[in-house]
Amino acid sequence: MGVSADIEYMKRLAVILVMFVFAAPLFSQSITIENDEDALFLFEVIDTDSVPAVSRMENILDSQPQRDSLRYVPPQGVLAEVPAEEGQSIVGVFVEPGRSKHPLVFISELRDDYITVSRDDLHRDEDRTVQSLAAGPIDTVLNRKPVIIDNDYHDWRDFDAIASFSSGFAPEAVELTRGSRSRERGVSDSFYWGKAGTRVAKLKGLTTGDGAYLMLETREIIAPGVSYYLYAYDGREREGASATVEIAVTGGANGFVFLWLPGRESPHVVGEFVHDGFYLEARVEFSRLPETVRTALADRAAEQISFDFSSAYSGARMGEEFFYTTLYARDIVDHSPGGL
């Protein structure tokens, strides 16, 4: 199986996983949008009967109440669990930095659970002219978000790291897993330490009213097979994590963020990530967390919530996990309210 075929396979597999996890008909509740272009896709899902000319999209951008209905898909990324129903359509633009205008995309009535948007779908007038939107209103909307998950890491520059690790850092022990058996061994006996992005140099994080964001910098190029885990503890008085957030790099430049809960055999898809070379950024949307998790977050004080952070690599016959540090929710900067 080639690289491009493997990426496509993983995307389709993720969609199937979402369908089984939520155990309900996907369409009429949500869709998955794949962005085929190397540009951010900013969009809204609206009733087909009210599909506008380009002026309608401009009104959305200029209207404060409407801005919160706009969402985006990262370049070459996938966004799952987008609320949608039959009889609705997508109106959106491909956002390209440096342009004075951005081309408008128009997708006709939704008839599938998995939608791919590309420049092949650009809306054209009768004379075949591509419609577009001025950059100013689009920039205003995007600037309301502290960071955008788009593989452009300049928007993280003004945020301090919540954890940093020197070039000489090494975990005290490595957890080796073969089959169903696990044991600890010294890092000097590790097969994978220092490979494929397992060595993390820096972590940054923030929250908004609608989600949590994470950026990490590695000392080696991030490669398929590496994973990053955040084990969440709602207080430390009980054994075992309350939930586990997993970012698993399987191929391509993007993927889903999964939430594992104790006693559940399948995870929830709660966000997306993108990566490029030595950097990775991810978001978790609070609205996609299970109700039990949202309630726990609301009922417990922030200082009670902590996370154990680790990296891991899985090969053909075994996996190794490397523990880094414990992070506390109280130390993560909050930028509420959210924008997009």
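These values consider heavy atoms only, across backbone and side chains, with no hydrogens, waters or symmetry-generated copies. Quick note: residue numbers are just sequence positions, from 1.
A donor-acceptor pair shorter than 3.5 Å cannot be found between the side chains of Thr326 and Ser306. Checking Glu321 against Tyr229 by side-chain atom types alone, no donor-acceptor pair falls below 3.5 Å. When only modelled atom types and interatomic distance are considered, Gln88 and Asp47 share a side-chain donor-acceptor pair under 3.5 Å. For Thr116 and Asp36, the side-chain atoms include no donor-acceptor pair closer than 3.5 Å.
Using a 4.5 Å cut-off on side-chain heavy atoms (C-beta onward), Leu203 and Met215 make no contact. Using a 4.5 Å cut-off on side-chain heavy atoms (C-beta onward), Asp113 and Thr32 make no contact. Under the 4.5 Å side-chain criterion, counting only non-hydrogen atoms from C-beta, Pro74 is not in contact with Asn151. Considering only heavy atoms from C-beta on, Trp156 comes within 4.5 Å of Tyr213 through its side chain.
When all heavy atoms of Pro171 and Phe323 are compared, the pair lying nearest together is CB-O, 3.6 Å. Closest of all the heavy-atom pairs between Pro75 and Asn35 is CA-ND2, 3.7 Å. Closest non-hydrogen pair, His102 versus Val93, comes out as O-CG1, 4.4 Å.
A donor-acceptor pair under 3.5 Å is absent between the side-chain atoms of Asp139 and the main chain of Gly136, judged by distance alone.
Put simply, OG1 on Thr198 and CD on Glu220 are 5.0 Å apart, with the number rounded to the nearest 0.5 Å.
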Requested in this report: Please step through side chain to side chain donor-acceptor pair (under 3.5 Å) for the pair Glu320 and Trp193, ending with a clear verdict.
Outcome: CA-CA 8 Å; Glu320 291 182 342; Trp193 172 247; over 6 Å; no
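Salt bridge present: Arg288 and Glu272 bring a charged side-chain N and a carboxylate O closer than 4.0 Å. A salt bridge links Lys145 with Asp210: the distance from a Lys NZ or Arg NE/NH1/NH2 to an Asp or Glu carboxylate oxygen falls below 4.0 Å.
Between Tyr231 and Tyr233, the gap from one ring centroid to the other reaches at least 6.0 Å. Here the two rings, on Phe41 and Tyr72, have centers that are 6.0 Å apart or farther.
Of the listed residues (Val105, Val73, Ile115), just one forms a side-chain contact (heavy atoms from CB on, under 4.5 Å) with Phe43, and that residue is Val73.
With Phe273 as the aromatic partner, Arg283 does not meet the cation-pi criteria of under 6.0 angstrom to the ring centre and within 45 degrees of the ring axis. The cationic group of Arg264 does not satisfy the cation-pi geometry with Phe258, failing either the under 6.0 Å distance to the six-membered ring centre or the 45° limit from the ring axis.
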